[in-house]
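As the structure lists them, so they are numbered: ligands from 1, and atoms in each ligand from 1. Side chains included, hydrogens not; waters and symmetry mates left out as well; all remaining heavy atoms used. Every value quoted in this text rests on a predicted model; they were computed, and no experiment measured them.
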Amino acid sequence: MADNQPLFQRVAVIGLGLIGGSLASAIRSHNLARVVVGFDQKPEDAALGVDLGVIDQAATTLEQAVRGSDLVVLAVPVRATRVVLEQIRPWLASDAVLTDVGSTKSSFVADVKAVFGKLSPRVIPGHPIAGSEKSGIRAANPDLFANHKVILTPADDADAAALSGLTALWEGTGATVLTMSVAYHDEVLAATSHLPHLIAFSLVDTLAGEDQNMDIFRYAAGGFRDFTRIAASDPVMWHDIFLSNRDAVLRVIDHFTQDLDQLRAAIANGDGATLLRVFSRAKAAREHFSKMLSGQAYVTNNTDKQVIFSMQPGGTVRGDIRVPGDKSMSHRSIMLGALAEGITEVKGFLEGEDSLATLQAFRDMGVTIEGPEDGFVRIHGVGMHGLQAPRGPLYLGNSGTAMRLFSGLLAAQPFDSELTGDASLSKRPMGRVADPLRAMGAVIDTAEGGRPPLRIRGGNPLTGIHYEMPVASAQVKSCLLLAGLYAEGVTSVTEPAPTRDHTERMLEGFGYHVHRDGATASVTGGGKLTACAIDVPADISSAAFFLVAASIAPDSDLTLRHVGMNPTRVGVINILRQMGANIEVLEERVIGGEPVADLRVRSAELRGIDIPEDQVPLAIDEFPVLFIAATCAKGRTVLRGAEELRVKESDRIQVMADGLAALGVETTVTPDGIVIEGGQTIGGGTVESHEDHRISMSFAVASLRATGPIRINDCANVATSFPGFVDLAKQTGIQISTEGEF
Ligand code: S3P
């Protein structure tokens with residue numbers, strides 16, 4: 001420890017097997033306690049512990065071990081817990097912290113309550129997720145927990161000092177500490193650890209009992225060996241675990257048995273569709289394996305991944321590229337394809353975290369979706385009324401679009417659902433969709449301030465309304481139109497300024513008429529969608545980074561292919577052209593109801609402008625990079641009427657102003673915009689992206705005109721909208737490298 005102050009004075013480790021011995025040894029080697037005393041029911045193991053340097057002192061009785069200890073760790077077999085607790089009870093100091101390392105937590109809590117009459121706030125159950133095929137004190141390894149997870153399951157009234165001391169102790173061993181409730185721990189472990197062990201034991205036992213078992217084992221391929229490796233685990237330990245986590249294990253066994261029966265029936269009936277649905281959902285789940293561990297439908301791990309962009313200053317931007325598919329259209333293609341009758345094939349689908357979250361969520365509602373493979377997705381539509389209740393909350397990662405559009409669709413379903421998201425999404429306002437949906441008859445609970453999670457009660461009939469949107473939001477409009485597909489009568493939405501109309505266009509493409517009258521779009525409920533083919537163009541919001549890059553970097557000449565040019569999205573081109581950018585629009589064409597073009601952009605002297613307010617919704621996602629363009633322009637750029645930027649993935653006005661300030665560029669922030677005096681020198685420095693993908697990419701572009709290296713923190717979320725950004729940026733001449741796993 002840095003200040004050499006051990007966390008605990010005297011730690012008693014009861015039970016010196018692999019886990020107890022390793023913890024004792026880690027505490028000693030990291031100097032986390034003044035003295036580590038060990039007890040084992042085999043006194044020779046405790047004595048060996050001293051010889052091996054695993055513990056400082058061997059106790060020959062439990063009294064000797066526990067008396068005077070400020071931390072007592074039970075590392076005994078789960079089934080021995082109650083007896084040991086009874087034996088240590090007289091010697092356990094009232095202010096000592098008591099913890100354990102067992103694989104099931106409700107049984108530990110039940111044992112503590114049975115012996116002590118209650119769960120004292122200083123009892124903090126624990127479970128390190130680490131192990132080895134070796135056992136016993138000789139296998140004790142001080143590094144066993146490094147880079148592993150340790151789960152603590154403190155009660156609501158747990159003592160804060162006890163919890164922080166124990167957390168610091170485990171972190172001192174190199175582990176990452178997670179906290180969760182006892183019940184959740186046992187459910188998660190029943191599913192992710194206990195059930196697989198049961199299946200492995202059972203499968204090997206079944207096959208060993210078959211007559212031809214010799215042959216089965218002789219011909220067993222690698223897959224069998226991998227799958228059944230865990231059947232070599234300790235039978236006594238597993239017998240303990242199953243008996244003590246009985247309820248949670250029985251629940252997952254029942255689930256599994258039902259699913260296995262369903263597969264059996266599908267095979268018996270020649271029902272290939274069910275097999276394909278289950279297998280493709282499982283394959284996708286396996287690919288998102290680490291994301292699935294928390295038991296949620298889809299989890300981005302981005303907060304765990306530290307990705308830093310490291311930029312060298314200067315460069316020229318050249319080449320001929322195609323950026324990934326449009327995010328808004330990718331989301332909508334999955335949603336409408338899932339609800340359509342027939343098979344929808346999508347080309348150019350964006351394989352970014354946000355649209356993958358939508359795809360996964362529909363799989364979790366029983367929709368068979370093949371792919372994505374190189375942007376190709378095949379959706380087996382289930383019809384307007386074919387979605388099934390998801391088993392858990394639908395986790396939508398970073399995606400505001402997914403959450404707002406889903407809320408409209410799910411409000412109309414016969415089942416309950418819950419929508420959750422990452423830290424950024426959890427702060428974003430959802431009242432803007434929940435309020436008008438409630439006016440249609442939906443029953444939706446939000447967290448405080450109208451924030452996620454959203455809990456949507458199914459089975460409530462919706463009635464069409466007319467809604468005048470207070471903010472220009474395509475997400476709100478789309479949410480209400482999607483709810484309107486299911487509502488009685490007509491649902492109409494009037495927007496205060498034009499916003500992206502992909503929902504309206506795509507509904508038409510699926511054969512669902514959307515009536516448009518000026519600023520109002522309306523649908524009549526009760527119709528159906530018919531599958532179609534969708535060709536998603538390149539995302540103009542991703543192209544925007546390169547439009548600015550090639551404009552501000554000297555000697556640049558870049559062509560961007562197949563860019564979506566929907567008139568409700570081209571604000572960035574209008575604004576850049578007004579600033580003097582040299583952007584040529586080539587090969588204009590219409591593909592699947594959406595205009596598309598190639599764009600050629602060359603370096604230009606940009607000048608500052610007053611950005612017309614009517615362009616704000618048409619360039620809403622492009623402002624971070626437009627601020628970089630404004631910084632490089634001659635003269636002043638003024639943005640007004642853009643308060644919506646404050647509730648995007650981050651407060652994009654403030655976060656951009658702070659990032660620019662870190663590079664020595666002064667700006668004036670206003671409540672609804674910003675004033676940027678162009679022509680200031682962009683220096684080197686470190687920028688905080690606040691985990692906002694568009695902030696990260698904007699500052700990567702800024703490096704082209706910087707005078708020193710730029711580091712951008714927390715860039716993992718670039719994968720939400722622009723997978724492959726770094727490679728494409730490098731290919732065109734931006735001098736970018738990454739640190740951390742990307
Ligand atoms: C989107 C609408 C916009 C935009 C977002 C995608 C959509 O949000 O910022 O990235 O796909 O409908 P708002 O509707 O909140 O402006």
Within a distance under 4.0 Å of any heavy atom of Ile620, pick out the atoms of ligand 1 and give their elements. 9 (O)

Arg500: numbered ligand 1 atoms lying under 4.0 Å from its heavy atoms: 1 (C), 2 (C), 4 (C), 6 (C), 7 (C), 11 (O), 12 (O)

Determine, for Arg569 against Asp326, whether the closest basic-nitrogen to carboxylate-oxygen distance falls under 4.0 angstrom. yes

How about Phe699 and Phe545: are their ring centroids closer than 6.0 Å? no

Would you say the ring centers of His385 and Tyr486 fall short of 6.0 Å from each other? yes

Which residue owns the protein heavy atom closest to [atom], what's the atom, and how far is it?
atom: atom 8 (O) of ligand 1; answer: Lys648 NZ, 3.1 Å
atom: atom 4 (C) of ligand 1; answer: Asp621 OD2, 3.3 Å
atom: atom 11 (O) of ligand 1; answer: Ser328 OG, 2.6 Å
atom: atom 6 (C) of ligand 1; answer: Thr401 OG1, 3.3 Å

Angle class for the Phe722/Phe725 ring planes (parallel below 30°, perpendicular above 60°, tilted otherwise)? perpendicular

So, Arg694 versus Ser650: side-chain donor-acceptor pair below 3.5 Å or not? no

If you measure every N or O of Ala474 against every N or O of ligand 1, does any of those distances drop under 3.5 Å? yes

Nitrogen or oxygen atoms of Ser473 and ligand 1 under 3.5 Å apart: yes

Look at the side chain of Arg652 and the backbone N and O of Lys648, then say whether any donor-acceptor pair between them is shorter than 3.5 Å. no

Is a side-chain N or O of Glu418 found less than 3.5 angstrom from the main chain of Leu394, in a donor-acceptor match? no

Heavy atom to atom 2 (C) of ligand 1, shortest distance: which of Gln475, Arg404, Arg428 holds it? Gln475

Using heavy-atom distances only, which candidate in Arg332, Lys327, His331, His502 approaches atom 7 (C) of ligand 1 most closely? Arg332

